[in-house]
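Sequence lines set the chain letters: A, B, ... in the order given, protein chains first and strands last, and positions in each chain run from 1.
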Amino acid sequence: MIPKGLYIHVPFCVRKCPYCDFYSETDLTLTQPYTEAVIRNINQRNCYADTVYFGGGTPSLLTAKQIENILSAVKIADGAEITMECNPNTVTEKYLRDILSAGVNRISFGIQSLDDGELKMLGRIHDSQTAVNAVQLAYEAGFRNISADLMLCTANQTMYSLGNTLEKLVKLPLTHVSAYMLKIEPDTPYGRNDSILPLLPDEDETADMYLFAVKKLAENGFEQYEISNFAKDGFESRHNLKYWRCEEYYGIGPSAHSFIDGVRRACPKNLQQFISQETQTELVTEENGGDYEEQTMLSLRLTKEGLDLDKISGGDEISNRAKPLINAGLMKRDGSRLMLTAEGCLVSNEIICRLIV
Amino acid sequence: MSYNQDNIRNFCIIAHIDHGKSTLADRILELTSTVAKRDMEEQLLDNMDIERERGITIKARAVRLNYTATDGKDYVFNLIDTPGHVDFNYEVSRSLVACEGAILIVDASQGIEAQTLANTYLAIENDLEVMPVINKIDLPSADPERVADEVENIIGIPAMDSPRISAKMGTNIAEVLERVVTDIPAPHGDIDAPLKALIFDCFYDSYKGVIIYVRVIDGEIRIGQKIRLMATGAEFDVVETGYMGATDLVNAGVLKAGEVGYITASIKSIGDTKVGDTVTDAENPCDNALPGYREVNPMVFSGVYPADGAKYGDLRDALDKLQLNDASLSFQPETSVALGFGFRCGFLGLLHMEIIQERLEREYNLDLITTAPSVIYKVKLTNGETVFIDNPTNYPDPAVIASAEEPMVKASILAPTDFTGNIMELCQERRGIFKDMKYLDASRVELHYELPLNEIVYDFFDALKSRTKGYASFDYEMMGYVPSKLVKLDILLNGDVVDALSFIVHADNAYKRARRIAEKLKDNIPRQLFEIPIQAAVGGKVIARETVKAMRKDVLAKCYGGDITRKKKLLEKQKEGKKRMRQLGTVEVPQEAFMAVLKLDE
């Protein structure tokens, strides 16, 4: 049996950030019944995994013991990557040591920015010093694979403030950075309130900030390997790579998505229901997962390996359509592989639409 | 009710827009109890959505009413509601032939308007008895005596004892009905002669086939009878015949001389029926067909294309069906490099064009792209030949043009005096030649201009309304061709001429128009992967330029915890959106861009 990925959605937050549309609840008394439901579902599936990812929400709101109990239900392959998203505010050195010994070997901190003004605008509960301390603490606790989430193009962000954040960030003992451009989601306080819009950088500034971040990170050894992801050599997120390579993964917990045997499914965003059900409900979102469109769309996100035109039907047509894009510096070709440049990443939706037709 | 030709009255209503024609029709329907109170709604005869929304009548409509007059006799009225706008003049002339009389509604405060006059003359030419009615006497500004005077002086028909009514309030409507009985003559057809009936309208019903509206002149029509349509020679067996109730058709089984009604005969092929044709009995035909209608000449032309090229066949069917009840619509297939296969359609005027487009989109569920309207230019070539150009794409090369002429119209604009300055300014901008100005009273002025038709086909009416707060009324009639300095303005996107955006403009306005169009296109073409130069050129010389900057950002940054389906859906939506765009070379142009260049005065 080949090990798969395992995504566990931990739907708890101390409070909701105004830009975030991931599913979470604030009633922390439910963490224990939630943990039991997760374990139940893992056991039913007899999960065998070489990557485990605790995403949220705020996974660090679970106790180290709860994390340990969940992980001990999983059949874990040798050398597995076990990631946990952590809020810089909710971790202590003890906690970090405990989850390390529970098996977690990769931490992803939601740092977002190292500018206190920007953090306030984002409604984050931590400040920049807390973020810096959390990374240091994780390193001291023994973690050698630490990632930081960064947000680009947030309210009041300037090229100058972004430069400062990056400057401070690259000095931390990090192996990986995810840098997301803020997207206003309709069903969030940001999405419902137009007053944020004038504070955001415009299209040109946004693009310039992104290109600046790509360059700055590369200069410091964080090479871009996906539209929003940067890693030191050998530290790419193996779990996230599974998404982009159309590999299989389980999804446990409300709002978690899975991809098994060519079918994509999702568990409803309902914590109460998840807890009370013997087996979580999984609704099919796509019968033909991993088809031509998905493969093209996903593999083109990978800026190092890209799309292998020899391995996809219609590769010749795609190759022809890509020519003007290559000439314009939006894509590049490496043997049979086609990939986006950083400029191309910025307009990847439009490019993918053109390539697939 | 037993048939007696002496008790039939066929009449229509003539009125200027807004003078209360549809309201009077509603009142008459109520008073004759043709429509039960609960079914009554405003503008009952205007049953097209567009008519109700705009408060205008586009299609003529017929309805039968029963009325018991004060003389104790029962009468059958056939009321034919007709449009008031100049563009639908043709509809009016069609319905007039089916009537013996016309009620002329005149607004008690505004008096006679240009259009009313034109339609009244049409009625008199058709030997109709014209019966004036003065409406809106409830208005504080009403002056029925002055208006009655005006009717007598200008039209020359007695109006002093004409009914003074308020259709809105329901005042004196009964008097109107009595006058219909006494003033409008009964038809005098020969019931024993061979069948002779005039087709004054028809439309297509998916169950019954073509439904023909007729006025029977002589003889009678019965179910089962074999009829012949004289112009086409096509023969059919009558399936249904009867009259028009207020809300639906009533199959009476027979229709006799003097009556107005309908026929269905399982007519599937639209081409067989022509408005203006004569219906006769196939076994016992009448000697001569009725004179029919004068063919109308479209004045405004525009290319109509399906947004989705695959819908070309649907568009052709829809145009066929619309033409069936709007013979003034003409169309011919044409091809555009930019837009693919479509039709060059001829319209009577701008409102007509707008209405047809709207009906195609609503009634036939089509998504359309229409090109800028054009008029017919008369071009003398250096080889002595004269050509008429209705499509800017076909405008000859300047090198072979000896001279060019464009159509002019006589325009009359009526508005409150406060707006005189604004109107004059607008007409000046549109190359208008001032003719004269008349103060109708202290507050109203009538301006006469000669205007090039090409200056009013774009957005003149909108511009006029916005500069007069909606108070101006505007009318025009064709006056012929005059020599003009015309040039063809080409629009280039990314260096390629887009044929569908070319148009003809007076040389003096070329720069201004070119700049405006380039700006409009820039605002309406979304950023794309590459920078797009927009150029406007006359004879190869670029006179205006704008640039759509390249798109910088269009990316889904996050990976949403493995939710690939969401990404895919977003991508599919984006691809769907691209389908609504026209691919012109490397440039994607949204439909709105084609429309936006039509509305430059904003």
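- A salt bridge does not link Arg264(A) with Asp563(B): none of the charged nitrogens is closer than 4.0 Å to a carboxylate oxygen.
- Taking 4.0 Å as the cut-off between side-chain N and carboxylate O, Asp204(A) and Lys549(B) count as a salt-bridged pair.
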Report task. Start with the C-alpha distance between Ile356(A) and Leu571(B), add both sets of side-chain angles, then the distance that settles side chain to side chain contact (heavy atoms under 4.5 Å, CB included), and finish with yes or no. Result -> CA-CA 10 Å; Ile356(A) 314 184; Leu571(B) 191 70; 3.9 Å; yes
Report task. Kindly determine whether Glu294(A) and Lys567(B) satisfy side chain to side chain contact (heavy atoms under 4.5 Å, CB included), including the steps that lead there. Result -> CA-CA 9 Å; Glu294(A) 284 191 3; Lys567(B) 268 196 186 359; over 6 Å; no
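- Rounded to the nearest 0.5 Å, atoms NZ (Lys553(B)) and OG (Ser348(A)) are 10.0 Å apart.
- The backbone N or O of Thr565(B) lies less than 3.5 Å from no partner atom in the side chain of Glu286(A), so there is not a single donor-acceptor pair.
- Taken from CD1 in Ile564(B) to OG1 in Thr285(A), the straight-line distance is 9.5 Å, to the nearest 0.5 Å.
- Here Glu293(A) does not pair with Lys568(B) in a salt bridge; the nearest charged N to carboxylate O distance is not below 4.0 Å.
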Query raised in the report: Yes or no on side chain to side chain contact (heavy atoms under 4.5 Å, CB included) for Val555(B) and Lys183(A), after CA distance, side-chain angles and deciding distance?
Result: CA-CA 9 Å; Val555(B) 55; Lys183(A) 178 166 182 271; over 6 Å; no
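- A salt bridge links Glu185(A) to Arg566(B): one of the charged nitrogens lies within less than 4.0 Å of a carboxylate oxygen.
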Show the atom names and distances, to 0.1 Å, of all donor-acceptor pairs under 3.5 Å that link a side chain in residues 529-543 of chain B to residues at least two apart or in another chain.
unit_1: Lys541(B); atom_1: NZ; unit_2: Tyr511(B); atom_2: OH; d: 3.3

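- Minimum interatomic distance between His257(A) and Gly562(B) (heavy atoms only, all atoms of both residues): CB-O, 3.6 Å.
- Taking CG of Asn349(A) as the start and NZ of Lys573(B) as the end, the distance is 12.0 Å to the nearest 0.5 Å.
- For the atom pair NZ (Lys575(B)) and SG (Cys353(A)), the distance works out to 7.0 Å, reported to the nearest 0.5 Å.
- By the 6.0 Å contact criterion, CZ on Phe341(B) is open, its count of non-hydrogen atoms from other residues, nucleotides or ligands being 12 or less.
- If you measure heavy-atom distances from Asp208(A) to chain B, the contacts under 4.5 Å come from both the backbone and the side chain.
- Residue Leu556(B) forms a side-chain contact (heavy atoms from CB on, under 4.5 Å) with just one option from Arg301(A), Met181(A), Met297(A), and that option is Arg301(A).
- Every residue meeting the ring pair (Phe, Tyr, Trp, His ring centres under 6.0 Å) condition with Phe274(A), not counting sequence neighbours, appears here in chain and number order: Tyr34(A).
- From Glu350(A), atom CD reaches atom CE of Met551(B) across 4.0 Å, with rounding to the nearest 0.5 Å.
- Contact check on Glu343(A) versus Arg552(B) returns no salt bridge, with no Lys/Arg side-chain nitrogen under 4.0 Å from an Asp/Glu carboxylate oxygen.
- Interface residue Glu588(B): only side-chain heavy atoms are found under 4.5 Å from chain A.
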